Number of protein chains: 2
Amino acid sequence: MTCGKVTSVDVARATGVSQPTVGRVFASDARVSPAMRARMMEAATALGYRHNTLVRAMITGRSNIIGLVVAYLENPFYAEAIERFSTCLKARGYHALLVTASNDENNVDSVVKDIMGLQVAGMILASISATLSLTRELDRPGIPLVLFNRGQEDAMIPKVTAANFEGGRKTAHLLVRRGHKRIAHVSGWQGSLTGLDRMNGFLAGLADPGQTPVACIDSHYDRDHAKVVTRQVFATPDCPDAVFVGNDHMAFAVMEVLRHELALDIPGDVSIIGYDDVKMAAWQDFNMTTLCQPANRMVDATVDMLMQMISGAAMPVRHVKITSELIERGTTRDRTKDSQNDQT
Amino acid sequence: MTCGKVTSVDVARATGVSQPTVGRVFASDARVSPAMRARMMEAATALGYRHNTLVRAMITGRSNIIGLVVAYLENPFYAEAIERFSTCLKARGYHALLVTASNDENNVDSVVKDIMGLQVAGMILASISATLSLTRELDRPGIPLVLFNRGQEDAMIPKVTAANFEGGRKTAHLLVRRGHKRIAHVSGWQGSLTGLDRMNGFLAGLADPGQTPVACIDSHYDRDHAKVVTRQVFATPDCPDAVFVGNDHMAFAVMEVLRHELALDIPGDVSIIGYDDVKMAAWQDFNMTTLCQPANRMVDATVDMLMQMISGAAMPVRHVKITSELIERGTTRDRTKDSQNDQT
DNA sequence: CTGAAAGCGCTTACAG
DNA sequence: CTGAAAGCGCTTACAG
């Protein structure tokens, strides 16, 4: 049954105080005598009063809502991150408004404008690039923005990423050390700084000992695309003996093609390394060597940063970079010992 | 730069009309001359005006926010559903506020009360049961609630589920028809109606031809739990020749134990059937027989239902049940032909 | 520590 | 179709 609205005025009347006093108690920014507080809470419960957060948001011009824009949840890394964002923001008294947007500029722009009407306190773009017009749009009303797992040309926008370049480089070094000679890279998306950094780091790592990749192809963070590219690369004469893939999500697709279509043994015929260390990478079915990109720590750092900005605190660092540890599992092996057998 | 707030009054002044007229144009519920509308939009853009949705929500007591409470996103079925919810709600002019809650009653209650302060227009609980106190809490202010992939004692709460009982039954029939003799069930969570229905349907399906399961154990929708249970079941003398698992998410864990710890062949030694048909089930690494629970269709039905309730329309059905098709892949085989070899 | 008063930026009858 | 006026349920200086 829909009873008439219960407002702070009703609670005030029931408790015998003024309405602002009730407001102060529920906004909990004031010191009222504990006795009265208790009486008031009792009356509130009895009446079924619920503090209307929206009004404060209207007055202050800031709700306790944070806009969380994501591209796709198919990659389990994002599912994990989203879950953590939700709980982490809640712990700080904020709510996560989840919005999906394709990486198409117009779409992101319209989506963001849309939720601005809710007077969001801040905005997080996960794996989505901010356009200049969007940045300006957020700038005017002073809505803080943090990029998660993305960077972009405008280096001034605060961001949290893994140390992608270093991660790529470490990977190259590992493969070379393990005696691989025909190394390929299936990059995430070279249009994203994350994908580009991983690729450039990898190329730099190969260049250190004077190697070059036998192939380096982009696949847009997409499973199907990754499969097509893998078939292409393995149809050439210098079929790779190792592939570094831009993220785990695609690496699973690459492995599927190698094992089930091309009947190659991993790591017997070819080594595979992914990036992210999503939980699935540790499943025995994959047991995949990968670089760890700790979702939880990255999310926490992102929220910390956003909170600093909201509170107007000074921002010591504009780019939090989290080191990616190499997790060596069963999809890489040491080929240095069987090098003489190559020509057998 | 944070300029002073631009309000509808500013736009009104710039356009030479009254403030309510501006409000009418942006609320788009009124017919104003196209010419003036154009002038107004131009002025709004120039001034950087953004319609404040929150105020309308305050006045009407209903925001355009839908609370979406989920238990966990680790199961890819939910990741898929969440993504669809977000886009589907957006298409209707609503926003999804994502909240995670453990299935612990107190937690769900507090979480729901929390977001009620935002004057949500409706609430969706995905795989979470509503307590009676919660139902009452929502009832008073008249906030519609729909359960997604969950039912419960209170049959009056609108819900959308798969036809779980029928799905379970079909599965049993298939396994029997394929000649399996020692059939086990690792149930989702018998404390959830979804898990219970699948189990009961399965048991009924086995009972039809007079069979009983060799084991029927619960595993709380949890991978680790499913693994423990699998080890137990396969340590007994009548080691199953088929296992029906309560959902795909757990079925992957069951398969991991069978293949990698017990070195059993699937489907040579044992057949596996899951439930949900998440995308991963079709990956060649799993190629798993399962029952389809179409996330997209279920989400659409849920949103449809919620919209009906919000608009106060009559609700023809309180329970949308979506048929689960059996998708037969490579983890089941026909054992009727090799029955005589059993004793070899 | 608490109250009276004004106001946040819209919406909504009510007139014209 | 448009305007003047009141009001949504809180917060926030300003007094006491």
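Being a predicted model, the structure only gives us computed values, none of them experimental.
For the pair Arg50(A) CZ and dC8(D) P, the computed distance is 21 Å after rounding to whole Å. Distance, Met58(B) CE to dG9(C) P: 12 Å, rounded to whole Å. Atom P of nucleotide dT12(D) and atom CZ of Phe26(A) are separated by 17 Å, given to the nearest angstrom. When the P atom of dG9(D) is taken as reference, atom OH of Tyr49(A) falls 10 Å away, rounded to whole Å. Note: CD (Gln119(A)) to P (dT11(D)) measures 16 Å, nearest angstrom. As rounded to whole Å, 17 Å separates atom P of dG9(C) from atom CZ of Arg56(A). Atom P of nucleotide dC10(D) and atom CG of Asn52(B) are separated by 17 Å, given to the nearest angstrom. For Leu54(B) and dC8(D), the CG to C1' distance is 13 Å, given to the nearest whole Å.
Residues Leu147(B) and Arg150(B) approach most closely at CB-O, 3.3 Å, considering heavy atoms.
OP1 or OP2 of dG3(C) sits under 4.0 Å from a side-chain N or O of Thr21(A).
Listed by residue number, the members of residues 7-17 of chain B with any heavy atom below 4.0 angstrom from DNA chain D are Val17(B).
One finds a salt bridge joining Arg13(B) and Asp10(B) here, because a Lys/Arg side-chain nitrogen approaches an Asp/Glu carboxylate oxygen to under 4.0 Å. By the 4.0 Å N-to-carboxylate-O rule, Arg84(B) lies close enough to Asp300(B) to be salt-bridged with it.
Looking only at distances, no side-chain donor or acceptor of Thr15(B) sits under 3.5 Å from a matching main-chain atom of Val17(B). Between the side chain of Thr302(B) and the backbone N or O of Met298(B), at least one donor-acceptor pair lies under 3.5 Å.
In the set dG3(C), dC8(C), dT12(C), the nucleotide with an atom closest to the side chain of Ser18(A) is dG3(C).
Between Tyr72(A) and Tyr221(A), the distance from one ring center to the other does not fall under 6.0 angstrom.
Side-chain N/O atoms of Arg24(B) and base N/O atoms of dG3(D) include a donor-acceptor pair closer than 3.5 Å.
Side-chain contact check for Asp109(B) and Ser133(B): at least one donor-acceptor pair (N or O, by modelled atom type) lies under 3.5 Å.
Between Phe26(B) and His51(B), the ring-plane angle classifies as parallel under the 30° and 60° cut-offs. Ring-plane geometry between Phe77(A) and Phe148(A) is classed as parallel, the angle between the planes falling under 30 degrees on a 0 to 90 degree scale with a further cut at 60.
Stretches of at least 3 consecutive Watson-Crick or G-U wobble pairs, with each checked distance under 3.5 Å, appear in DNA chain D as C:1-3 with D:14-16, C:5-12 with D:5-12, C:14-16 with D:1-3.
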